[in-house]
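A quick note: this is a predicted structure, and the numbers were derived from the prediction, not measured.
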Amino acid sequence: MDEIHKNILQRNRSNLVKDLDPSKLYDGLLEKGIFTQDMIDEIQSAGTRRNQARQLVQDLETRGSRAFPLFLQCLQETGQESLAELLQNGAPAATPTQVVRPVIQPLPISKFYLCLMCINVCATAPGGGKPRPGPGRVRRDSLQGYKMDASPCGYCLIINNMEFEPHSMLKNRKGSNIDCEKLERRFKTLNFVVEVRTNLRQKQIKHELLTLSKKDHSQYDCCVVIMLSHGTEVNHNRFPGAVYGVDGQYVPVQHITNYLNGQHCPSLQGKPKLFFIQACGGGNERDMGFEVSPDEVEPSSGGMDDQTDAIPMSSSSDSLSMSDEPDARPTLPTPSDILVSYSTFPGYVSWRETQSGSWYVQTLDCILEENAATVDLVTMLMMVNNEVSQNSAKGLYKQMPGSFNFLRKLLYFRTQT
């Protein structure tokens, strides 16, 4: 889209979000080739009319040079002529009002120094003595924890893709059923309602995520999504990587998290959303590690039948932009309370043993079993990182899990007794 048209949309975004009716536009946008069906599905998954309007305007700016005039045509055809006229004239969204600035009186010099003393780390004692602690801000001994005592605690969706369609050119994932069974059993122990879906195509994955986002989570404290599949790397704004459906079409991890963020799933606002991704980070790079002193690690070797979930890196232009909006209300940032745990560092392979499952899931299951009752999640994931990093595939290759953590509090699971 031309810059002049982007600027018009941005200037009028508040009015568009306020008055636009996206539901009347979808057929025309699809017919005129402005959006694909997948893009319209993504917009509809945003939830409320305002959120759909906001997402539609964001996505419109990423389309071609014909998108703006065709969008105006769609507005006119659906009885939204006032918005079309507003955009056509390039008018600003609102007439700026005169800002009345308060007169700021300077503090008397004595009060000024008192303010400095209040915010300094320390203040000078009378008589030139040694510095003593000043009255700084109150410190908390520990971070606050998330509420996790609902019973059940929440939903846990596991999508396990093992058998891929021949035209996808992707190998079947032997051993993934073992991972799935372990995680299903583990999260039931952690008091979650576990739903397992097997061998889903891309659109089916999106449908399951959309269905999960439409559930009422108001009585629950947490939500978990686990993806077991082949993976690849795509361009992204926030969360790297993508996972494949059995048809060879992928879903970016960023889109997966968007279904449950505070904007698209209001009943999960302020509650932890956890995503565990057992898939390669994209590319076929195999980490051979580096030498350390013998007492640094306890070597562990994988089997000779280790497989990977690696797929070469690809490019995607459908990353969702979540920039701040002019009409936004004071609230939590959109990605807050989200944690995405990856089985491997982006760009590297993730190892899976056909008889016992993947390194990452094996280790995660053991760490949760031994520590979930007493240790917070982020610390347990560091323990998983350490354990997996000591494995060696075929006596040579290494693996390093990692996570993107947007949690605001400590998370302790409540285990069933």
Side-chain angles (χ1 to χ4, degrees), residues 173-176 178-180 182-183 186-187 224 226-233 236 239-243 253 274-313 338-372 374-407 410-413:
R173 302 178 60 255
K174 296 180 180 179
S176 187
I178 300 171
D179 285 347
C180 185
K182 287 180 179 178
L183 292 172
R186 181 59 50 211
F187 278 90
V224 177
I226 301 172
M227 306 294 300
L228 310 173
S229 187
H230 285 299
T232 188
E233 190 169 15
H236 61 92
F239 299 109
V243 295
V253 173
L274 312 178
F275 300 83
F276 298 90
I277 313 295
Q278 166 54 44
C280 277
N284 289 297
E285 191 159 357
R286 301 186 180 194
D287 186 7
M288 296 178 64
F290 58 92
E291 292 187 7
V292 295
S293 60
D295 58 350
E296 184 72 21
V297 296
E298 299 177 4
S300 174
S301 298
M304 295 303 292
D305 59 347
D306 290 335
Q307 296 183 353
T308 75
D309 290 326
I311 302 298
M313 177 181 175
I338 288 177
L339 182 142
V340 182
S341 176
Y342 293 88
S343 63
T344 190
F345 192 79
Y348 286 82
V349 299
S350 183
W351 293 97
R352 172 174 31 82
E353 297 175 2
T354 58
Q355 301 300 317
S356 55
S358 67
W359 294 358
Y360 170 73
V361 171
Q362 288 182 66
T363 308
L364 177 63
D365 179 53
C366 289
I367 294 294
L368 288 173
E369 180 180 17
E370 297 171 2
N371 301 277
T374 57
V375 181
D376 71 280
L377 175 61
V378 173
T379 300
M380 286 191 287
L381 290 177
M382 284 192 287
M383 297 165 70
V384 172
N385 294 352
N386 181 54
E387 291 290 332
V388 173
S389 71
Q390 297 178 34
N391 291 343
S392 296
K394 302 172 183 176
L396 181 64
Y397 299 115
K398 311 292 288 185
Q399 180 178 328
M400 186 69 223
S403 60
F404 283 63
N405 180 13
F406 290 85
L407 298 180
L410 296 176
L411 191 151
Y412 290 90
F413 290 112

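Once rounded to the nearest 0.5 Å, the distance linking CG of L368 with NZ of K182 reads 12.0 Å. Here the CG atom belonging to L339 is positioned 4.5 Å from the CG atom belonging to N405, to the nearest 0.5 angstrom. In this structure, N386 CG and T363 OG1 are separated by 10.0 Å, a value rounded to the nearest 0.5 Å. Here the OG1-CH2 distance, from T344 to W359, works out to 9.5 Å after rounding to the nearest 0.5 Å. Expressed to the nearest 0.5 Å, how far CD1 of I226 lies from CD of Q278 amounts to 11.0 Å. In this structure, CG on N371 lies 3.5 Å from CE on M383, to the nearest 0.5 angstrom.
A heavy-atom distance below 4.5 Å is found between the side chains of L364 and L183. The side-chain heavy atoms of M400 and N385, taken from C-beta on, include a pair separated by under 4.5 Å.
In this structure, the side chain to side chain donor-acceptor pair (under 3.5 Å) partners of D365, at least two apart in sequence or on a different chain, are R186. F406 meets the ring-ring contact (aromatic ring centres under 6.0 Å, His included) test with F239; sequence neighbours excluded. In terms of the side chain to side chain contact (heavy atoms under 4.5 Å, CB included) criterion, residue partners of D376 (sequence neighbours excluded) are, by chain and number, V378, T379, L410, Y412.
When all heavy atoms of A279 and S343 are compared, the closest pair comes out as O-OG, 3.0 Å. Among all heavy-atom pairs drawn from V243 and S229, the shortest one is CB-CB, 4.4 Å. Minimum interatomic distance between Y360 and I277 (heavy atoms only, all atoms of both residues): CE2-O, 4.2 Å.
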>> Applying side chain to side chain contact (heavy atoms under 4.5 Å, CB included) to V224 and F187, what does each step give before you reach the verdict?
In response: CA-CA 9 Å; V224 177; F187 278 90; 4.0 Å; yes
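Judged by distance alone, with hydrogens and angles left aside, the side-chain atoms of Y342 form a donor-acceptor pair with the main-chain N or O of P240 at under 3.5 Å. Side chain of S341 to backbone of S403: no donor-acceptor contact under 3.5 angstrom is found.
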